[in-house]
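Read the structure below first, then the notes.
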Amino acid sequence: MLLAREGMQRVPSDKIELFQLRDFVPLALRAGLIRLIEQDRRPSTLADAGDDRYFRTSETCDLDTTEPAVQALEDLLYDLNGIDPAHGEPLQGQRYDVGQEFKPHCDYFNRGGADWATYCSVAGQRTWTFMIYLNEVEGGGATRFKAVGKTFQPEAGKLVCWNNRRPDLRENPNTLHHGMKVRKGIKYVITKWYREKPWGW
Ligand SMILES: O=C(O)CCC(=O)C(=O)O
Ligand SMILES: [Fe+2]
């Protein structure tokens, strides 16, 4: 269904359902969203990160759904993917400064991991990830999917999205991805994660 959108491109592999769409978010909206991330940023926290303080070194914030720019992005996503917004986690903004990264990880939660009960008991596992680059980064900051040898360069307004599950609905380890270090400039991204069941709590 995503391929029905003009400009949507699928990475040619049967290991993962992985897509990109350029110019998904228009310039005016990108600027508003960057402003909100700058206002609300705080150091990222992570489920199951253990002791590795260097795993995800960016700054993160949940975006306020009452902000018009946030609602506009929610509407764009719903127009594109038709996924019931009740299954969506709050949009999350991230800001990476020079040297910051998000080391290789999968977005789904580890079954049996310490946080499984806390994070998945109500809304279930993560299903799809929709990630948007809000700006051009002067150096570094690409997102690398090792299993399929695909590296996405940050381009302002570009969407990258993937299914965290396989056709049999089990978690897909081929979704492992690395938000690589920013070498120059600042990188802003927004991530939307969807769950198996309604989130609403
Ligand atoms: O910033 C990136 O390139 C990756 C972000 C990411 O993996 C995430 O937010 O889950
Ligand atoms: Fe991720």
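Whatever order the structure lists ligands and atoms in, that order sets their numbers, starting from 1.
Under 4.0 angstrom from ligand 1, there are no non-hydrogen atoms of Q92.
A 4.5 Å side-chain heavy-atom check between Q125 and R195 finds every atom pair outside the cut-off. Taking the side chain as every heavy atom from C-beta outward, W193 and Q92 approach each other to under 4.5 Å. A 4.5 Å side-chain heavy-atom check between N110 and Y119 finds every atom pair outside the cut-off. In this structure, the side chains of V189 and I132 stay at 4.5 Å or more apart for every pair of heavy atoms. You'll find the side chain of I190 reaches within 4.5 Å of the side chain of L63, heavy atoms only. R10 places none of its side-chain heavy atoms less than 4.5 Å from the side chain of L18.
Annotation for ligand 1: atoms under 4.0 Å from non-hydrogen atoms of M131 are 2 (C), 3 (O), 4 (C), 5 (C). Set against the non-hydrogen atoms of W193, the atoms of ligand 1 under 4.0 Å away are 8 (C), 9 (O), 10 (O). Interface of T143 with ligand 1, defined as ligand atoms under 4.0 Å from a residue heavy atom, comprises 2 (C), 3 (O). Residue D107 has at least one heavy-atom neighbour below 4.0 Å for each of these atoms of ligand 1: 10 (O). For ligand 1, the atoms lying closer than 4.0 Å to a non-hydrogen atom of Y96 are 1 (O), 2 (C), 4 (C), 5 (C).
Looking at residues two or more places apart in sequence or on another chain, you find a side chain to side chain contact (heavy atoms under 4.5 Å, CB included) between P85 and Y78. The side chain to side chain contact (heavy atoms under 4.5 Å, CB included) search around N135 returns I34, V137, Y188, not counting sequence neighbours.
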Pair up each side-chain donor or acceptor in residues 142-151 with any protein partner under 3.5 Å, not counting sequence neighbours, and list the distances.
from, atom 1, to, atom 2, distance (Å)
T143, OG1, Y133, OH, 2.6
R144, NH1, T151, OG1, 3.4

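Residue contact check for ligand 1: H105 places a non-hydrogen atom closer than 4.0 Å to it.
Nearest-residue assignment for atom 2 (C) of ligand 1 (options K187, H177, K103; heavy-atom criterion): K187.
For the Fe ion (ligand 2), the count of nearby protein N, O or S atoms, meaning those under 2.8 Å away, is 3.
Relative to the six-membered ring of F130, K192 misses at least one condition, a distance below 6.0 Å or an angle of at most 45° to the axis.
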